[in-house]
Each structure stands twice: as C-alpha cells, then as structure tokens.
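Residue indices begin at 1 and follow the sequence shown.
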Amino acid sequence: MKAYIVALFTYVLNKDDRRRYACRGCRGVVYGPSYSCKECKPWKTLLHKSCAELPLGLHHPLHPIHLLILFSPLRYEDRNEDEDERQFYKCELCKEYEDVYTYRCSCCDFNLHITCASLAPTMDAEFHHHPLTPVWKWITFTCDLCGKEDKGTPYLCHLCDFWIHGRCSIFPQRVKIVRHEHLLHLIRSSLEFHQSNSRFCRICVEKLDTHCGLYYCSRCDYVAHLNCSMRWRDEDEVPELNESIDSAAYQVKKSKVGVDGTQIDTEIKHFSHVHDLKLTDEVLNDQKCNGCARALLRPFYSCSQCGFFLHKSCANLPKTMRHQLFSDPLTLIPTKPGEIFQCSGCKRGCNGFSYCSEKLELNLDVQCTLTLASDILTHKGHEHQLMLSTTGYEHTCTSCNSKTNLIFRCTICEFALDLKCVTLPHTTMYKQHEHPFTLCYTVEDDSNEYYCDICEEERDPKHWFYYCENCTYPAHPNCILGKYTNIWFGDTYTFDCHPHPLTFIEETKDSPECDNCGDPCKEFILQCVQCNFYIHDKCVWGEEEWF
C-alpha cells in the first residue's frame with residue numbers, strides 16, 4: 001500500500017481492484033490497479049491508476065498556444081449552476097458534456113475530456129492488422145466494430161477504409177468472462193461462425209447484429225455483445241464453473257447397496273450439525289428442511305435428538321463451489337440458530353443454508369444458487385426456454401409485476417420471470433388441508449371473478465396462484481406459503497443470555513418488551529415459555545458468539 005495525493009485528498013493504491021465501480025476520472029469500469037480515498041466511500045473517489053497519475057498540465061496539438069490544466073468537475077458538483085454555466089465542461093473535440101476529468105484552458109474557454117486528450121497519433125488494436133490513425137475532425141460516421149452511427153472523432157485505417165470509435169479500439173482479441181467456461185474470440189462477420197437459430201446475447205438476452213463485432217465461442221455457439229462481455233470480464237483463469245472445489249460436506253457413517261447397485265448413505269455426520277443424521281422416508285407435517293428452508297420431501301436425513309432435517313439433495317451440496325455469475329468461489333454456511341439473512345437473489349428472508357462470499361458481500365439461499373447455476377431454464381409455466389438476463393436496467397416479471405435486472409427472459413415472446421417466481425415450489429401443502437396445492441399459471445375458469453379463498457381478496461388473473469383441484473380452492477402464493485416462505489419457526493435453542501431454552505417464533509400478538517433492549521417484540525422473537533422472557537434475534541447475536 002502507498003499513498004498518492006490527488007486534489008487535496010490522500011488516495012491509497014489498490015493493486016488489484018475487482019469491485020467493478022466506475023472511475024471518477026473517466027467513468028470507465030475499474031478492474032485492476034486503482035486509487036481511492038480511504039476516508040470516503042470507494043464509489044465516490046475511485047480512480048484508475050492511470051487517471052489518478054495524469055499530468056496536471058498538458059500541451060496538446062489542438063490548442064498549442066496555451067497549456068491545458070487538469071480540471072475535476074467534482075469541485076463544482078455541489079453547486080446549483082444552470083445549464084449555460086455548466087457548458088464549460090463541454091469537450092471541444094467530442095462536443096459532449098460529461099462528468100469526467102477535463103483538460104482546460106481558462107483563457108480561451110477550451111476543454112478536452114481526458115479520454116479525448118489522450119488520443120495517440122497512431123494506435124494498434126488487437127483485432128486489426130494495421131495501425132489506426134485518429135481523424136482530428138468532428139464528423140458523422142458508422143463504427144465498423146460496434147455498428148453504431150455517431151458524431152465524433154473516429155480512428156481510421158487508410159489501407160482498409162476501416163472506421164471505429166476510439167473507445168472501441170480497446171476491445172481485446174480474446175476475453176475470458178465469468179459466465180462462460182471457454183475463451184471468447186472477437187469476430188466481425190456473421191460468416192465467421194456457425195449459423196444457429198438464436199441471435200441473442202447470452203448475457204443480456206437482447207438481439208445482436210451479427211454483421212458487427214461480437215464475442216463468440218465456437219465450441220458452444222455462445223455469442224455476446226462486446227460491452228456485455230467486457231462488463232463480465234474475468235482476469236482470473238477459472239477452468240471449471242458451477243463445480244465443487246471441496247465436496248466433503250459429510251462423512252459416511254453407515255451405508256447400503258440399493259436395488260440398482262448404487263451406494264446409499266443411510267447415516268452421515270454433516271458439517272452443519274453436531275449429531276449424526278439418519279436417512280428416513282417418514283412423513284412429517286409442517287416440517288421444513290434446515291438446508292433450503294422448504295417443506296420436507298422424502299427421502300431426507302433427520303436427527304432424532306433435536307429435530308434437525310436435511311433433504312438428501314441438500315446434504316449433498318458442495319461446501320465450496322465456483323459459480324458462473326461470480327469470479328470468487330462461494331462457501332456454504334449454515335445460518336446461526338435463530339438468525340435470518342436476506343437472499344441477494346430473490347430478496348426473501350431465509351434461515352437455511354447460504355452460499356456466501358465476504359469479498360462480494362453476497363448471500364444466496366440454496367434455491368437461488370442452484371437456479372442461477374445455469375443461464376438456460378425450462379419452466380412449467382412457459383412453453384419456451386428462458387435465458388438468464390443480467391443488464392443495468394430493470395425488467396418486469398410476468399408472474400408478479402415486480403422489477404429487477406436479474407431475470408430469466410424468453411427470446412421468442414415478452415415473457416420474463418424473476419428469481420422469486422422461478423423458485424416457487426410446484427406443489428405444496430397448506431396447514432391441515434388434506435390435498436396438495438399445485439402452482440397454476442392460467443386462470444381456472446372463465447367466470448371473470450377471481451378471489452383467494454384464504455384472504456378472500458381479489459386475485460389478478462394474470463398472476464400465478466396455487467390451486468387445489470379437488471376442492472376448487474384457489475389462493476395467493478403468499479397466503480399458501482406464508483409471509484416468510486424460506487423461514488422456519490418453532491426450533492428451540494440454548495443461549496448464554498438466558499438459563500432456559502428459547503423458542504424461535506414468527507410474531508407476538510401483544511408486542512411485549514424485549515428483555516435486552518426494551519423495544520417492542522413484534523416479529524422474529526426468541527421466547528422462553530417458562531418465564532415469559534422475550535428477546536429479539538438481533539439482540540441475542542449482539543451478545544453471543546457462534547462456532
């Protein structure tokens with residue numbers, strides 16, 4: 001670590017910055033060496049190393065009579081100037097106003113954005129065989145790489161009559177992205193790769209023009225926009241995606257050979273629990289798996305001493321895995337007793353297992369982790385395949401009308417599903433109702449009157465619902481699954497803060513005071529039934545240590 005002084009602030013060098021924040025100097029994505037102020041939030045002060053080390057003065061051929069001085073618009077960001085007063089930010093070369101560092105001559109009111117001022121006399125691009133020369137004139141042209149018509153100062157190859165934006169010259173010939181296991185190659189003609197039915201970017205799921213530049217993997221017929229690929233660029237060579245690194249989540253204590261000759265582990269010691277777990281087909285009512293926090297389905301592992309349950313599939317989850325959406329490995333962690341986390345994918349509260357990365361400040365529940373492991377999804381609620389779209393803007397979920405930028409989209413019709421709807425269970429039980437409920441995607445009849453039989457409120461016929469066909473019983477998903485779909489209540493734990501066992505309960509009717517902080521206890525409460533003791537779950541973990 002070393003300090004660098006920029007505009008009266010002490011900036012600290014980050015040798016390998018992978019946070020993908022925008023540079024305050026040029027507004028480009030930072031992926032590599034950077035400087036940031038250690039006393040401020042990083043996205044407010046982050047600079048590329050090259051932007052932070054720009055010279056304070058510059059002689060430029062477009063304005064040879066005076067020295068240009070480096071100017072930061074941050075000096076004026078809190079002012080309330082009108083648009084006319086802000087025009088001195090405007091670049092004389094690209095004719096655009098941008099909130100970026102600028103080289104300025106105050107005498108002549110002449111400005112150059114740092115990116116425009118840094119145009120070299122000639123440039124070598126990885127994807128072109130000849131040097132490119134900047135055209136020092138404001139013209140209208142169509143970039144031969146990205147295909148966009150623009151006004152500006154292009155780079156030109158005089159031998160090939162090849163015109164491109166200066167910003168497009170930085171695209172590498174090959175790139176490794178987090179979301180694909182093979183290298184992608186930059187190509188500029190649809191004749192260079194195999195014809196397929198799909199011409200959609202596999203990252204944003206938007207249409208692309210195959211006559212322009214794009215990144216392509218010939219082994220998988222995988223194609224992506226140039227900018228999408230750079231946004232998901234991975235500098236680390238990760239050979240396998242969605243693969244376990246250390247799959248030893250449990251030790252086998254007892255096993256038997258099944259009818260088909262495969263080994264069945266009948267008793268295990270799982271890393272998440274202190275006691276041995278036994279495989280069972282017993283039917284239990286109103287119990288949830290401690291791994292995925294969903295209703296128990298046979299077969300599952302159980303602890304006879306303390307009511308701990310794990311689906312067989314959850315017991316087999318790898319302790320560490322690489323994932324297509326993240327450059328860093330994800331680690332499987334059991335949630336602390338009585339504690340809840342918010343899933344970074346579906347935004348639901350959960351107290352099951354989570355796949356997390358402290359570096360990325362990420363927590364994903366089991367269902368979302370496994371769903372996002374593939375970028376192609378087949379769902380019973382739609383006739384076409386859905387592709388995972390990750391964009392900088394939001395899309396609307398067809399099932400619930402919520403908006404998100406992480407969504408599975410159809411390339412044939414305007415259908416999209418967010419993670420919350422994708423991970424809804426296909427069948428479920430409701431309290432003492434004798435029949436299972438099935439998730440339905442179209443209305444049950446043509447009556448034009450649709451209500452939930454639990455809350456008795458009207459249902460939107462365009463939204464999914466649960467239905468018992470035997471009883472003609474429709475209901476909202478939230479009414480069937482409960483307010484907290486991925487949280488189980490009723491478990492009892494022992495803590496140092498109280499001499500008796502405490503039971504985790506959803507909510508209280510009279511909101512008694514917390515015996516620790518004095519605030520009302522409304523939901524997510526640990527209760528002692530013996531002595532009328534109440535404490536918030538957060539208050540418990542303010543005092544307790546775990547593991």
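In this model, no donor atom of one side chain and acceptor atom of the other lie less than 3.5 Å apart for N351 and T335. Under the 3.5 Å distance criterion, with hydrogens and angles disregarded, no donor-acceptor pair is assigned to the side chains of T45 and S36. Under the 3.5 Å distance criterion, with hydrogens and angles disregarded, no donor-acceptor pair is assigned to the side chains of D365 and Y355. Residues Y250 and N316 have side chains that bring a donor and an acceptor to within less than 3.5 angstrom of each other. With hydrogens and angles left out, the side-chain atoms of T404 and D418 include no donor and acceptor closer than 3.5 Å. Under 3.5 Å, the side chains of S313 and H311 contain no donor-acceptor pair of N or O atoms.
Between Y441 and W464, the angle of the ring planes goes over 60°, which puts this pair in the perpendicular group of the 30/60° scheme. F415 and H382 have parallel rings, their planes meeting at less than 30° on a 0 to 90° scale where 60° marks the start of perpendicular. Relative orientation of the F524 and F489 rings is parallel, given thresholds of 30° and 60° on the angle between their planes. The aromatic rings of F437 and Y473 stand perpendicular to each other, their planes meeting at an angle above 60°, with 30° marking the opposite boundary.
Panel note: side chain R409, backbone C204; a donor-acceptor pair is recorded below 3.5 Å. No donor-acceptor distance shorter than 3.5 angstrom exists from the side chain of T262 to the backbone of G258, with no hydrogens or angles considered. Distance alone, capped at 3.5 Å, is enough to place a donor-acceptor pair between the S344 side chain and the N363 backbone. A donor-acceptor pair under 3.5 Å links the side-chain atoms of S374 to the main chain of I376, judged by distance alone. For H379 (side chain) and G381 (main-chain N/O), a donor-acceptor pair under 3.5 Å exists by modelled atom type.
A salt bridge links R202 with D375; the closest basic N to acidic carboxylate O contact falls under 4.0 Å. Between E267 and K254 there is a salt bridge, since a side-chain N of the basic residue sits under 4.0 Å from a carboxylate O of the acidic one.
Here the two rings, on Y393 and H395, have centers that are under 6.0 Å apart. Here H433 and Y430 keep their ring centres 6.0 angstrom or further from each other.
A distance of 10.0 Å separates CD1 in I203 from CG in L325, rounded to the nearest 0.5 Å. If you take CD on E507 and NZ on K522, they are separated by 11.5 Å, rounding to the nearest 0.5 Å. In this structure, NE2 on H500 lies 5.5 Å from SG on C528, to the nearest 0.5 angstrom.
Contact of the Y467 side chain with the I480 side chain is not registered, since no non-hydrogen atoms from C-beta on lie closer than 4.5 Å.
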